[in-house]
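Every value quoted in this text rests on a predicted model; they were computed, and no experiment measured them.
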Amino acid sequence: QVRLVESGGGLVQAGGSLRLSCAASGRTFSRYTMGWFRQAPGKEREFVAAVTWSGESTLYAGSVKGRFTISRDGAKSTAYLQMNRLDPEDTAVYYCVAGSGYGSGWSTDFWGQGTQVTVSS
């Protein structure tokens with residue numbers, strides 16, 4: 001079992017930056033792919049980014065590629081999402097996710113409670 005707690009959300013102006021953190025508890029953290037999904041009001045939840053257990057491979061949604069960077073620190077059992085050049089379209093609740101597999105085979109078994117990111121124009 002893995003418990004995920006997000007932090008770092010907030011209100012930022014367009015063009016600004018935020019860094020989200022996801023603290024994981026559970027001894028199997030290092031075995032899981034970690035990532036982020038988001039859900040904007042009235043929209044479906046969508047994939048944002050993922051990083052393998054080793055940290056060597058990453059995936060990004062096209063809408064955030066080049067602006068967002070995902071990483072993880074195994075020693076701290078924490079995953080991060082650095083978000084730069086934020087746009088009002090990035091406004092959403094961001095969820096940390098963990099699970100086995102990768103890419104289309106990612107199981108997304110565990111979810112955090114979400115953190116709100118609001119980008120003002």
Please answer whether the main-chain N or O of T91 pairs with a side-chain N or O of T118 as donor and acceptor at a distance below 3.5 Å.
-> no
Which atoms form the tightest heavy-atom contact between D73 and Y80, and what is the distance?
-> CB-CE1, 4.0 Å
Quick one: side chain to side chain contact (heavy atoms under 4.5 Å, CB included) partners of S104, sequence neighbours excluded?
-> none
Disulfide (SG to SG under 2.5 Å) contacts touching residues 40-92 (sequence neighbours left out) = none
Who pairs with S7 by side chain to side chain contact (heavy atoms under 4.5 Å, CB included), at least two apart in sequence or on another chain?
-> S21
By the rule that ILVMFWY residues connect when side-chain heavy atoms come within less than 4.5 angstrom, directly or transitively, which residues belong alongside Y95?
-> F37, F47, L59, V93, V97, Y102, W106, W111
Minimum heavy-atom distance Y32-G99, with the two atoms named | CD2-C, 3.3 Å
In Å, rounded to the nearest 0.5 Å, how long is the span from CZ of R45 to OH of Y94?
-> 13.5 Å
Mind checking whether V48 and L81 have side chains closer than 4.5 Å, heavy atoms only?
-> yes
Do L86 and V64 belong together in a cluster built from hydrophobic side chains that touch within less than 4.5 Å?
-> yes
Using the disulfide (SG to SG under 2.5 Å) rule, collect all pairs that involve residues 43-121, keeping only residues at least two apart or in two chains.
-> C22-C96
Look at the side chain of S77 and the backbone N and O of S25, then say whether any donor-acceptor pair between them is shorter than 3.5 Å.
-> no
At what distance, to the nearest 0.5 angstrom, does OG1 of T78 lie from CD of E6?
-> 12.0 Å
Across all chains, not counting sequence neighbours, the side-chain hydrogen bond (donor to acceptor under 3.5 Å, both in side chains) partners of T69 are none
Excluding sequence neighbours, so at least two apart, what forms side chain to side chain contact (heavy atoms under 4.5 Å, CB included) with A14?
-> P88, V119
Test item: S63 side-chain N/O and A61 main-chain N/O as donor-acceptor pair under 3.5 Å | no
Flag side-chain contact, heavy atom, 4.5 Å: L20 against W36 = yes
Can you name the closest pair of heavy atoms from Y60 and F68 and give their distance?
-> CE2-O, 3.2 Å
Taking only residues two or more places apart in sequence, or in another chain, which ones meet S54 in a side-chain hydrogen bond (donor to acceptor under 3.5 Å, both in side chains)?
-> T52
Is it the case that more than 12 heavy atoms not belonging to R3 sit under 6.0 Å from its CZ atom?
-> no
Across all chains, not counting sequence neighbours, the side chain to side chain contact (heavy atoms under 4.5 Å, CB included) partners of S17 are Q82, N84
So the disulfide (SG to SG under 2.5 Å) pairs with at least one residue in residues 30-93 (sequence neighbours excluded) are none
For residues 86-115, the salt bridge (Lys or Arg N to Asp or Glu O under 4.0 Å) pairs (sequence neighbours left out) are R38-D90, K43-E89, R67-D90
Pairs in or reaching into residues 46-79: which pass disulfide (SG to SG under 2.5 Å), with residues at least two apart or in two chains?
-> none
Any side-chain donor paired with an acceptor under 3.5 Å for Q39 and E44?
-> no
